[in-house]
Every structure is written in structure tokens, then in C-alpha cells.
Amino acid sequence: MIRILVLHGPNLNMLGVREENIYGTQTLNDINGMLATWAKDAGVHLEAKQSNREGELVTWIQEARGQFDAIVINPAAYTHTSIALRDAVLSAEMPTVEVHLSNIYQREEFRQHSYLAGVALGQISGFGSTSYLLGVQAALDHIQSKLQSSPSS
Ligand code: DQA
């Protein structure tokens, strides 16, 4: 069974009460529930975790090596600051999709740079919670096409 790890960065535990005009009214539980339904339908093993701590996210990315086939991450504010998360993604050597609820390119200048984007498979930004659905689907499609081209690896 294909295994996907979804990581939510800092302050995403506050979704639903945090800047509703930007992030909407869905809570993190709502988003995780939506992802669980997607995973069930797709026949994928999906785990979702949230942390407000950079080091914890780094550790989870490191530990994902060999345990998961892909990571989908909303690094939240660490997107714009964290070389440590970028290095962790490089060391994990697994397809990683970066997602954002808001369109970071329409926002403040400091949000328009991502340290992750250069090492990610791709980035999805601006579709609200649908960004996560697009992210997990993109990760799954990528894994499946790799399996088809080299079934033994
Ligand atoms: C975010 C965008 C980031 O700039 C911000 O710090 C977040 C959420 C998003 O999902 O739109 O916390 O990653």
C-alpha cells in the first residue's frame, strides 16, 4: 500500500479561528478528515501530523525515510525561513509536495520566497483546503507513474 505523510507546520492548529478572511473557516480536523476520506477512497495509507516546532518537523521528515513513499507538507511560516526543513527534505530523498492554503505570491513580499520549493516535486498554492487534496493526488500520481516505469524498485 502506498504511504503518504502529511505535515502541517506552525499555527495551522489554529485554522478555523485564525485570520478567517485568508485561511477560511475549516479547522485542521476538518482538513485531516477530508484527507482521511480521500485516502480511504484511493486505497492509500495516510498519516497527518502538526507541529509548531521546526526541529520536530525536521525529525519527522528524517524519520519518514523508508517509512513513507511521499511527503505532502504545508510548512506554514517555516516556508519562508527554514533552511533546516529544506535540508531535511533533501536528506529524506523522497518526493515532497509543498502546499499552501493561500496564494503566497499574492501576499506580502516576505511570503513570496519559499526555501522548500527548489527541492520539492512541486508546489500548490492558493486553493484553500483543496491545495491539500491536489497535493496528495499529485504525490500519488507521481509514485504510481514511477512504479509503472520501474516495477521492481
Ligand atoms: C501558509 C502561508 C504562510 O505564509 C503562512 O505563514 C501560513 C500558512 C498557507 O497555507 O497559506 O502559516 O503556509
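Throughout, numbering of the chain's residues begins at 1 and tracks the sequence. Numbering of ligands and ligand atoms starts at 1, following listing order.
To the nearest 0.5 Å, atoms CG (Asn11) and OH (Tyr23) are separated by 8.5 Å. Atom CG of Asp69 and atom NZ of Lys146 lie 9.5 Å apart (nearest 0.5 Å). The CH2 atom of Trp60 lies 10.0 Å from the CD1 atom of Ile73; values are rounded to the nearest 0.5 Å. For the atom pair Tyr132 OH and Leu46 CG, the distance stands at 11.5 Å (nearest 0.5 Å). We find the CG-CD distance between Leu57 and Gln50 to be 8.0 Å, quoted to the nearest 0.5 Å.
Residue-level proximity to ligand 1 for His100 is carried by backbone and side chain together, each with a heavy atom below 4.0 angstrom.
Closest protein heavy atom to atom 11 (O) of ligand 1: Ser102 OG, 2.6 Å. For atom 8 (C) of ligand 1, the nearest non-hydrogen atom of the protein is Tyr23 OH, 3.5 Å. For atom 6 (O) of ligand 1, the nearest non-hydrogen atom of the protein is Arg111 NH1, 3.0 Å.
Polar contact with ligand 1: present for Leu101 (N/O pair, distance under 3.5 Å). Considering both main-chain and side-chain atoms, Leu12 never comes within under 3.5 Å of ligand 1 through any nitrogen or oxygen pair. The shortest N or O to N or O distance between Arg107 and ligand 1 is not below 3.5 Å.
Atom numbering of ligand 1 starts at 1 in the shown order; those under 4.0 Å from a heavy atom of His80 are 3 (C), 4 (O).
Here His113 and Tyr105 keep their ring centres 6.0 angstrom or further from each other.
Side chain of Thr130 to backbone of Leu133: no donor-acceptor contact under 3.5 angstrom is found.
Remark: distances from the non-hydrogen atoms of Asn74 to ligand 1 include one below 4.0 Å. Contact analysis puts Arg18 in contact with ligand 1, with a non-hydrogen atom separation below 4.0 angstrom.
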